[in-house]
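Heads up, the thing below is written out as structure tokens.
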Amino acid sequence: MHTDTERCVRAVRSKDARFDGWFFTAVLTTRIYCRPSCPVVPPKAENMVFYPSAAACQQAGFRACKRCRPDTSPGSPEWNARADAVARAVRLIQDGVVDREGVPGLAARLGYSARQVERQLLAELGAGPLALARAQRAQTARLLIETTPLPMAEVAFAAGFSSIRTFNDTVREVFALAPGELRARAARGRAAPAPTPGVIALRLPYRAPLEPGNLFGHLAATGVPGVEEWRDGAYRRTLSLPYGHGIVSLTPLPDHIACRLSLTDPRDLTIAISRCRWMLDLDADPVAVDDQLRDDPLLAPLVDKAPGRRVPRTVDAAEFAVRAVLGQQVSTAAARTHAGRLVRAHGVPVEDPEGGLTHLFPAPEALASLDPEALALPRSRRTTLTTLVAALADGTLTLDPGSDWDKARAQLAGLPGFGPWTVEVVAMRALGDPDAFLPTDLGMRRAAAALGLPSTPAALTARAAAWRPWRAYAVQYLWASDDHPINHLPA
């Protein structure tokens, strides 16, 4: 979008928050870059240039605006709606792959050379993988500086910087303030009491509208005992992270999601935030999705009743695949029971001073040696589960934000016991494909029949062609027409 100058200028002049994250406005006279909804008086059109990413602005020598804080705007929805190499690269960078494995590691995951990845990212985002990772480190550093009492040296290494000097130079360059000045500025503007020691409190922005009912209702109703819980109006769960583990608490509020993170290693902050945003689908463009679904006269009343539904995803794709198998052809309660038994037997115990969480969900490696006879499942489903776990543990099957959706579908379909429903629900909730569709789902067919839509899988799939590429969101609207606990916030 950043190449359509006239459209970008109109968005800036109208201060349209829907475009935050789609592009960034850099002002030639002040050398500052802003989000489109920045509250300051818009500059003259001839003084504005537009970039597709905050990293591109920083690489061009522009500093972040202190008023609108463009580095904290929602991410572009484009990268979660696409399955090409650039979109997969962006999702992997957000998950911290460049910081952990470098550009060669990123390229290896994508199946390209490092030079090809660099060239493709420069063409679309105006910045290469190192610049994108640097921008993410700068944002993490700002969060740690402003929300924790950590010494600056610890902030530097927790944010992923290799030296304190690089940390200081980057913060000054990006924010036009020294790290100490950033902390002092935040302390002056803080009306709320200081955060609890060891807990990082922050706001997760999103594009309005957002309907929390099915999003948090689904996560709470299907939550695995010991791993997830709903407590005091917040969804809480344990997180398995590269450098340790964490506990997150997410509370839906009118204009943001309140997030509280407790981490054993602050280096996991960026990854934890990225995974929470992914789980809640916070970078979606609900206006674009809802406008297209409203074109179907039978879907329009559902959209108008509660616009802004998101797809409830997961923080760990491998975990969700295991849970999808446990939930085959059983009720929500039975699926929770099976998963809870697996967690108690093979999960890593954790302490939760603020709630009732007890375990991390077991990794595939921990489940690779489980005894199938110990599972209270039909024999065919035991085979499905053990085959899936073995493929995940040995790397034959890789499920992560950078997965190729078509390749992952083909690999899953090749496993015993993986039918169309299981493959598509994993594609929808674990891989994040916005066009995943479940025409054989009983709840979908029942809702479709009640609305007057075709209820047979073939006819419903044909009718849903007009909903593409947002069929996963149509599924949420259809599911929500049923009075099931997954569609409502817990009392």
Side-chain angles (χ1 to χ4, degrees), residues 83 218 221-222 224 311-314 316-339 342 361 364 367-368 370 372 375-394 396-400 403-449 453-465 467-476 478-479 482 484 486:
H218 204 124
T222 61
V224 178
V311 177
R313 296 179 181 159
T314 178
D316 189 318
E319 171 193 315
F320 183 82
V322 170
R323 291 171 58 175
V325 171
L326 295 175
Q328 287 177 333
Q329 300 177 352
V330 298
S331 67
T332 300
R336 295 177 74 240
T337 299
H338 289 316
L342 207 63
F361 195 89
L367 297 174
L370 64 82
L375 300 172
L377 298 171
R379 185 170 300 278
S380 61
R381 202 166 310 147
R382 294 181 202 170
T383 302
T384 301
L385 181 62
T386 53
T387 306
L388 169 68
V389 167
L392 290 168
D394 66 16
T396 305
L397 173 64
T398 301
L399 302 176
D400 61 33
S403 295
D404 181 302
W405 295 336
D406 292 336
K407 179 181 177 182
R409 276 185 171 93
Q411 289 180 302
L412 289 169
L415 298 177
F418 269 78
W421 182 90
T422 309
V423 170
E424 286 301 302
V425 80
V426 171
M428 177 191 297
R429 296 195 55 201
L431 303 181
D433 184 352
D435 201 40
F437 194 52
L438 305 170
T440 61
D441 181 81
L442 181 60
M444 275 278 295
R445 296 175 63 186
R446 187 165 54 233
L453 290 164
S455 57
T456 62
L460 185 57
T461 299
R463 175 63 177 262
W467 306 341
R468 306 190 76 167
W470 310 120
R471 292 185 300 176
Y473 295 87
V475 170
Q476 306 308 314
L478 288 167
W479 273 346
D482 186 21
H484 190 281
I486 65 171

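Please read these numbers as outputs of a predicted model, since none were measured by experiment.
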Which heavy atom in [X] sits nearest to a heavy atom in [Y], and how many Å separate them?
X      : Y      : value
Leu412 : Phe418 : O-CB, 3.0 Å
Pro416 : Thr384 : O-OG1, 3.0 Å
Asp482 : Arg446 : OD2-NH2, 3.6 Å
His338 : Ala376 : CE1-O, 3.2 Å
Ala339 : Leu326 : CA-CD1, 3.7 Å
Ala324 : Trp421 : O-CZ3, 4.4 Å

Parallel, tilted or perpendicular: ring planes of Phe437 versus Trp467, cut at 30 and 60 degrees: perpendicular
If you measure from [atom1] on [X] to [atom2] on [Y], what distance do you get to the nearest 0.5 Å?
X      : Y      : atom1 : atom2 : value
Met428 : Phe320 : CE    : CZ    : 9.0 Å
Leu370 : Leu385 : CG    : CG    : 6.0 Å
Asp404 : Leu431 : CG    : CG    : 9.5 Å
Thr383 : Leu415 : OG1   : CG    : 12.0 Å
Leu399 : Leu388 : CG    : CG    : 7.5 Å

Check against side chain to side chain contact (heavy atoms under 4.5 Å, CB included), Leu342 and Val322: CA-CA 10 Å; Leu342 207 63; Val322 170; 4.0 Å; yes
Salt bridge (charged side-chain N to carboxylate O under 4.0 Å, His left out): pairs with one or both residues in [range], sequence neighbours excluded:
range            : result
residues 380-391 : Glu373-Arg382
residues 454-463 : Asp296-Arg463
residues 413-424 : Arg409-Glu424

List for me each residue that meets salt bridge (Lys or Arg N to Asp or Glu O under 4.0 Å) alongside [X], sequence neighbours excluded, and say none if there are none.
X      : value
Arg323 : Glu228, Glu319
Arg445 : none
Asp406 : none
Asp400 : Arg109

pair Leu438-Trp479: side-chain heavy atoms closer than 4.5 Å: yes
Close side-chain approach of Leu453 to Leu478, heavy-atom, < 4.5 Å: yes
Ser403 side-chain N/O to Thr398 backbone N/O, donor-acceptor pair under 3.5 Å: yes
What residues, two or more places apart in sequence or in another chain, satisfy side-chain contact (heavy atoms from CB on, under 4.5 Å) together with [X]?
X      : answer
Ala459 : Pro454, Thr456
Ala83  : Trp405
Pro420 : none

Report all side-chain donor-acceptor pairs from residues 327-335 shorter than 3.5 Å, counting only partners two or more places apart or in another chain.
from   : atom 1 : to     : atom 2 : distance (Å)
Gln328 : NE2    : Gly417 : O      : 3.0
Gln328 : NE2    : Thr422 : OG1    : 2.8
Ser331 : OG     : Ala334 : N      : 3.1

Residues that Arg471 engages under side chain to side chain donor-acceptor pair (under 3.5 Å), provided they are two or more places apart: Asp435
